[in-house]
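When reading the values below, keep in mind they use all heavy atoms of this one structure, side chains included, and skip hydrogens, waters and symmetry mates. Letters A, B, ... are given to chains in the order of the sequence lines, protein chains preceding strands, and every chain is numbered from 1.
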Amino acid sequence: MNETLMNDNRLAVLDHSRTRAKSGKPGAERGRISVRDVDIVFDTANGPHVAVKNANLAVRPGEFICLLGPSGCGKSTLMNSIAGFVPPSSGEVTIDGEAVTEPGPDRGMVFQQHSLFPWKTVKENVAFGPLMAGVGQNEANSVARTFLSLVGLAAFENAYPNTLSGGMQQRVGIARALANYPSVLLMDEPFGALDAQTRVMMQENLLDIWREFRNTVVFVTHDIDEAVFLSDRIVVMSASPGRIIADIDVKLPRPREQSLLTSPEFMALKRQCLDLIRQETLNAFQQQNKAG
Amino acid sequence: MDSQSNAAIRTAEALVDTSAKPSGTEATPDACVSAELSPPEEKSQVQSRTPVMIWFRTSGPRYLVRIMALVAAVLLWELASDNGFSFYVNFENIPAPSVVGAALGAELAGQEFYLHILHSLERVAIAYVMAVVLGVVIGVAMGRSRWAEDIILPYIELLRPIPAVAWIPLAILMLPTEQSSIVFITFLGALFPVILNTVHGVEQTNGLLVRAARSLGASRTAILWHVVLPGAMPSIVAGLAIGMGVAWFSLLAGEIISGQYGIGYYTWNSYTLIQYPQIIIGMLTIGGLGTLCTLLVRKGCSPLLKWQARGGRS
């Protein structure tokens, strides 16, 4: 599988990526994320709900970080504020020094599922970003083809999304997000809806692609194995209100393969995360019991 | 009828699709590779033949039954008319199908009948195009803007239940020509279903897809064009088909007014002249033309919806 992905198209993409990088900087220097003192509060029927509390986070260009935490801990909300969908109630989010005010093509999004345009073919989906950026139809199509071969779906360019399996749809989603040459890739539990085997394959696939692109990745997950396997750094969040409780460096060698999953280093990191999350879940239970 | 046959074809395609495509493509690396090495073009040949064959096996007999049901009704009608059947429902003065058929033959041989049809078609065409353009524009505006909805919705709720016939006096009083009055009444009939279905479709826009489009750099206009309208299209097309049906029965009401031509006028005139076979010809012509036009609308719009068919490929 990995070998089939390795083809000349990849090099073409990378060359293109470098020439497209803003202000002549090398691609790897873009995508510095800074989250400073961010609170995110939603007004609900039961009064204000603090989804994220006092979040501080600095992500280096080209770093792969995972936001890990139990469901409902605000990790997706925090990522959505980086994406520009949710404005922080206080504090500031910046990308390469510029404040985030709205979504933009410099931050590619990959959603959990069903986010492809069902009325567009696979190729049209991937070509959408370049078209919006104002390149012509022909160039958009050729960019789309390049990225589709990158994720191994070149043969399906004329298929409609509803004819593809869940894993293939997510690969199209990744290709679509990358086709804008984003400096930051934001992934919101992108493999959460896939079966276990497919998920493992997709993780390796993603690392292969990222190794070539080296853009910044923020990956939201509640799966500890996934977080340890993928990331350079795991940012653990606690539940209500969502706070960052730990920042764990993952110094496992790359490229990473499935054999890593049983190594002692992997196990140690996994246990560290498990303990943190377990403690948080217990705290959450106790809070609920006191309240109830 | 049409939608059912489509559904049958779709199921047939789905059957073919699951058998032709390796299911669970990514369960193992090998399966994944094989899925990628066999491009869909190879399967399309198989697919283009088998649905037709399956259609003959599954839907063919059903069409036969439908035709037989119509034939049986015509036979019963013939018997009832010939024998003067009269038990609560009275067939004594109803011309038999054979008589109607003979009269139809005479009409088809002349020119008048075609003029009636042409005039009606012209009125429906003008009224329908206006209703579709205005209806979709108003519907999108209402679906996208709360202001537009709050301003326009009361009018629609109030005017929609008024039957086409009730508009005749006002249409005559307000509009300059008979033609414009008839077109106006037909237009009103088609307008409401188009508006309401468009609003419904636009309001169901998938928020996740809007977010995806925004993160890909789409402007508001681009989102309207690439996300909102295509997403609303199934509902809009349903509204267009309903609107066409309503246009035809509103046309009949409009053509009661007046005029020298039009299939509604023809039917109404035959009634005043006590020409029973002609009344039935007029009724069936309206039914036939209405069905045909609705079918054309559905067929014409189907390229916009081909993405809905499972296994559909461009």
Side-chain angles (χ1 to χ4, degrees), chain A residues 1-4 80 83-85 102-121 123-125 128-134 152-168 171 173 176-177 179-180 182 186 194-195 197-199 201-202, chain B residues 13-14 17-18 20-44 47 206-223 225-234 303-314:
Chain A
M1 169 83 218
N2 295 340
E3 274 65 34
T4 62
N80 278 329
F85 290 120
E102 57 178 3
D106 58 324
R107 283 148 290 147
M109 287 283 292
V110 180
F111 301 88
Q112 184 164 9
Q113 57 177 339
H114 303 314
S115 74
L116 299 178
F117 306 118
W119 39 84
K120 290 184 185 294
T121 62
K123 184 179 69 194
E124 288 166 346
N125 263 282
F128 184 72
L131 266 184
M132 292 299 112
L153 290 176
F156 292 85
E157 62 171 45
N158 289 325
Y160 283 98
N162 68 358
T163 63
L164 304 183
S165 70
M168 290 157 95
R171 272 145 70 189
R176 184 176 69 173
N180 270 340
L186 303 170
L194 304 179
D195 60 82
Q197 288 85 354
T198 309
R199 191 183 311 153
M201 292 248 332
M202 293 289 288
Chain B
E13 278 177 350
D17 211 41
T18 42
K21 203 156 74 183
S23 52
T25 15
E26 288 165 337
T28 63
D30 287 333
C32 192
V33 169
S34 74
E36 279 158 13
L37 292 183
S38 59
E41 284 77 17
E42 286 176 22
K43 292 168 210 152
S44 63
Q47 272 185 2
N206 183 341
L208 179 63
L209 297 183
V210 173
R211 284 171 57 195
R214 288 182 68 195
S215 81
L216 290 166
S219 63
R220 276 183 70 89
T221 326
I223 287 172
W225 196 248
H226 290 277
V227 181
V228 175
L229 278 180
M233 203 46 81
L304 296 170
L305 300 179
K306 65 179 176 192
W307 54 272
Q308 281 192 318
R310 288 208 140 259
R313 294 195 163 108
S314 64

### Task
Check the pair B:His226 / A:Phe117 against ring-ring contact (aromatic ring centres under 6.0 Å, His included), numbers first and verdict last.
CA-CA 9 Å; B:His226 290 277; A:Phe117 306 118; 7.9 Å; no

### Task
Return the option, out of B:Arg214, B:Arg211, B:Met233, with the maximum number of heavy-atom pairs under 4.5 Å with chain A.
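Ranked by contacts with chain A, first place is B:Arg211.
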
### Task
Nearest 0.5 Å please: distance from the CG atom of B:Leu229 over to the CH2 atom of A:Trp119.
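Reported value, rounded in 0.5 Å steps: 10.0 Å.
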
### Which portion of A:Leu186 sits near chain B, non-hydrogen atoms under 4.5 angstrom
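It is neither, since no heavy atom gets under 4.5 Å.
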
### Query
Does any heavy atom of chain B fall under 4.5 Å from the side chain of A:Gln112, the backbone, both, or neither of them?
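A:Gln112 has no heavy atom closer than 4.5 Å to chain B.
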
### For A:Phe85, ring-ring contact (aromatic ring centres under 6.0 Å, His included) partners two or more places apart
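Once residues adjacent in sequence are excluded, A:Phe85 has no partner under the ring-ring contact (aromatic ring centres under 6.0 Å, His included) criterion.
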
Minimum-distance pair of heavy atoms, taken over all atoms of [X] and [Y]:
| X | Y | answer |
| --- | --- | --- |
| A:Met132 | B:Gly217 | CB-O, 3.8 Å |
| A:Asn162 | B:Trp307 | ND2-O, 3.2 Å |
| B:Leu216 | A:Asn180 | O-ND2, 3.4 Å |

### Non-hydrogen side-chain atoms of A:Ser115 and B:Leu208 separated by less than 4.5 Å
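Yes; the side chains approach each other to less than 4.5 Å.
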
#### Entry: Partner residues of B:Ser215 under the side chain to side chain donor-acceptor pair (under 3.5 Å) criterion, sequence neighbours left out
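Per chain and number, B:Ser215 pairs via side chain to side chain donor-acceptor pair (under 3.5 Å) with no residue.
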
